[in-house]
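Notes follow the structure.
Quick note on labels: first sequence line is chain A, next is B, and so on, each numbered from 1. Computed over heavy atoms, backbone and side chain alike; hydrogens, waters and symmetry mates excluded.
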Number of protein chains: 2
Amino acid sequence: MKKCLFTKEQIEQKLREAGVQPTMQRMALARYILCEADHPTAEEIKTWADKHLDKISQATIYNTLNVLVQSGLIRAFRFSHSDCVIYDCNVTDHFHFLDEKSGRIYDLHKDDIGVNVELPKKFKIKSMDLIIKGEVKG
Amino acid sequence: MKKCLFTKEQIEQKLREAGVQPTMQRMALARYILCEADHPTAEEIKTWADKHLDKISQATIYNTLNVLVQSGLIRAFRFSHSDCVIYDCNVTDHFHFLDEKSGRIYDLHKDDIGVNVELPKKFKIKSMDLIIKGEVKG
DNA sequence: ATATTTGCAAAGCCTTTGCAGGGGA
DNA sequence: TCCCCTGCAAAGGCTTTGCAAATAT
């Protein structure tokens with residue numbers, strides 16, 4: 001499922017709106033994550049960048065990812081099963097399904113899942129991370 | 001809330017039953033995690049061990065924790081907010097509440113939470129990790 | 001006697017940081 | 001001009017590993 005939702009100009013504008021100076025590296029990585037990648041790790045992003053960009057350092061990858069996360073354009077999280085951070089272009093409230101065979105991560109829309117939490121009143125809920133693990137047939 | 005559920009003899013038997021040779025270090029750490037600690041990190045376990053045990057190396061801590069996890073006596077997981085692994089003496093199905101102020105983790109019993117997942121049939125669910133983040137008043 | 005386990009130190013992985021050079025506003 | 005960004009290399013945090021000495025069965 002290719003996403004390819006945004007033109008370069010739209011990416012540039014998104015960066016500006018987020019208060020991030022739209023440098024070449026940032027636009028390229030943002031576009032990759034928002035339009036092409038599927039829950040990539042920093043390593044996958046570096047691999048892609050080495051293939052498609054002129055030259056970019058590991059440090060810039062990490063710096064850029066942190067900038068994008070802090071600006072709210074993407075999200076970062078890590079799963080128990082993995083040592084590294086995974087970046088997600090979906091910044092809406094949603095959950096994840098991990099196919100333990102392939103390692104692939106699927107987004108789950110909140111509407112597909114009913115979570116009813118009943119806790120003593122002193123627990124004030126701000127957010128939830130739900131990761132469902134299993135297998136995808138077919 | 002002190003737990004202190006098991007005598008040394010019981011810990012030893014648990015290790016044996018799990019197929020783990022009950023050495024001094026393993027018994028001590030297992031007892032600490034099962035009876036005293038509250039979702040400790042490896043670092044906290046090391047700190048405790050340095051205070052209460054004769055001498056134990058970092059490597060033995062990690063090796064022992066891995067042995068205990070693999071034998072099923074404890075569980076390991078990591079939260080998105082933290083860089084390190086957290087060990088849990090509760091090996092039953094349950095969820096977690098993270099108090100973002102204090103960093104403390106509370107166990108949530110499955111009965112307190114209703115999770116209804118409706119997914120296409122090709123998704124075979126094996127397990128779920130649910131982490132609720134928020135704040136605990138009082 | 002033989003197989004495990006421990007301790008030490010060194011290495012590993014992923015990520016961050018310091019600093020000098022370069023590019024955009 | 002001036003500030004921010006990039007790249008390099010080195011360091012950082014957490015965890016694992018190799019190997020010899022110690023321990024358990």
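Less than 4.0 Å separates DNA chain C from at least one heavy atom of each of the following residues of residues 63-75 of chain A: N63(A), N66(A). For DNA chain C, none of the residues of residues 9-17 of chain A falls under the heavy-atom distance limit of 4.0 Å. Listed by residue number, there are no residues of residues 18-33 of chain A with a heavy-atom contact under 4.0 Å to DNA chain C.
Atom NZ of K46(B) and atom P of dC14(D) are 14 Å apart (whole Å). In this structure, E44(B) atom CD and dC14(D) atom P are separated by 11 Å, rounded to whole Å. Rounded to a whole Å, the CZ atom of R78(A) is 15 Å from the P atom of dG13(D). Spacing between atom CD1 of I61(B) and atom P of dT16(D) amounts to 13 Å, rounded to whole angstrom units.
OP1 or OP2 of dT6(D) has not a single side-chain nitrogen or oxygen of K55(A) nearer than 4.0 Å. Distances shorter than 4.0 Å separate none of the side-chain N or O atoms of Y62(B) from OP1 or OP2 on dT16(D).
The NE2 atom of H109(A) sits 11.0 Å away from the CG atom of L119(B) when rounded to the nearest 0.5 Å. Taken from OG1 in T47(A) to NE2 in H52(A), the straight-line distance is 10.0 Å, to the nearest 0.5 Å.
Pairs passing the side-chain hydrogen bond (donor to acceptor under 3.5 Å, both in side chains) check and including a residue from residues 67-81 of chain A, sequence neighbours excluded, read R78(A)-D83(B). Among residues at least two apart or in separate chains, side-chain hydrogen bond (donor to acceptor under 3.5 Å, both in side chains) pairs with a member in residues 12-22 of chain A are E12(A)-R16(A), Q13(A)-E17(A).
In this structure, R31(B) has no side chain to side chain donor-acceptor pair (under 3.5 Å) partners at least two apart in sequence or on a different chain. Taking D129(B) as the reference, K133(A) meet the salt bridge (charged side-chain N to carboxylate O under 4.0 Å, His left out) condition, with sequence neighbours excluded. For K122(B), there are no side chain to side chain donor-acceptor pair (under 3.5 Å) partners two or more places apart in sequence or in a different chain. Here S57(B) pairs with T60(B) under the side chain to side chain donor-acceptor pair (under 3.5 Å) rule; sequence neighbours left out.
Cluster partners of M24(A): none. The rule joins Ile, Leu, Val, Met, Phe, Trp and Tyr whenever side-chain heavy atoms lie under 4.5 Å apart, and it links nothing here. The other members of the hydrophobic cluster of V85(A), by chain and number, are L5(A), F6(A), I11(A), L15(A), V20(A), M27(A), L29(A), Y32(A), I33(A), L34(A), I45(A), W48(A), L53(A), I56(A), I61(A), L65(A), V67(A), L68(A), V69(A), L73(A), I74(A), Y87(A) (side-chain heavy atoms under 4.5 Å, ILVMFWY only).
A salt bridge does not link K124(B) to E135(A): none of the charged nitrogens lies less than 4.0 Å from a carboxylate oxygen. Classification of D99(B) and R104(B) as a salt-bridged pair fails, no side-chain N sitting under 4.0 Å from a carboxylate O.
Put simply, the side chain of D112(B) never gets that close to the backbone of L108(B): no donor and acceptor are under 3.5 Å apart.
Of all nucleotides in DNA chain C, those with any atom nearer than 4.0 Å to a heavy atom of chain A start and finish, going 5' to 3', at dC14(C) to dT17(C).
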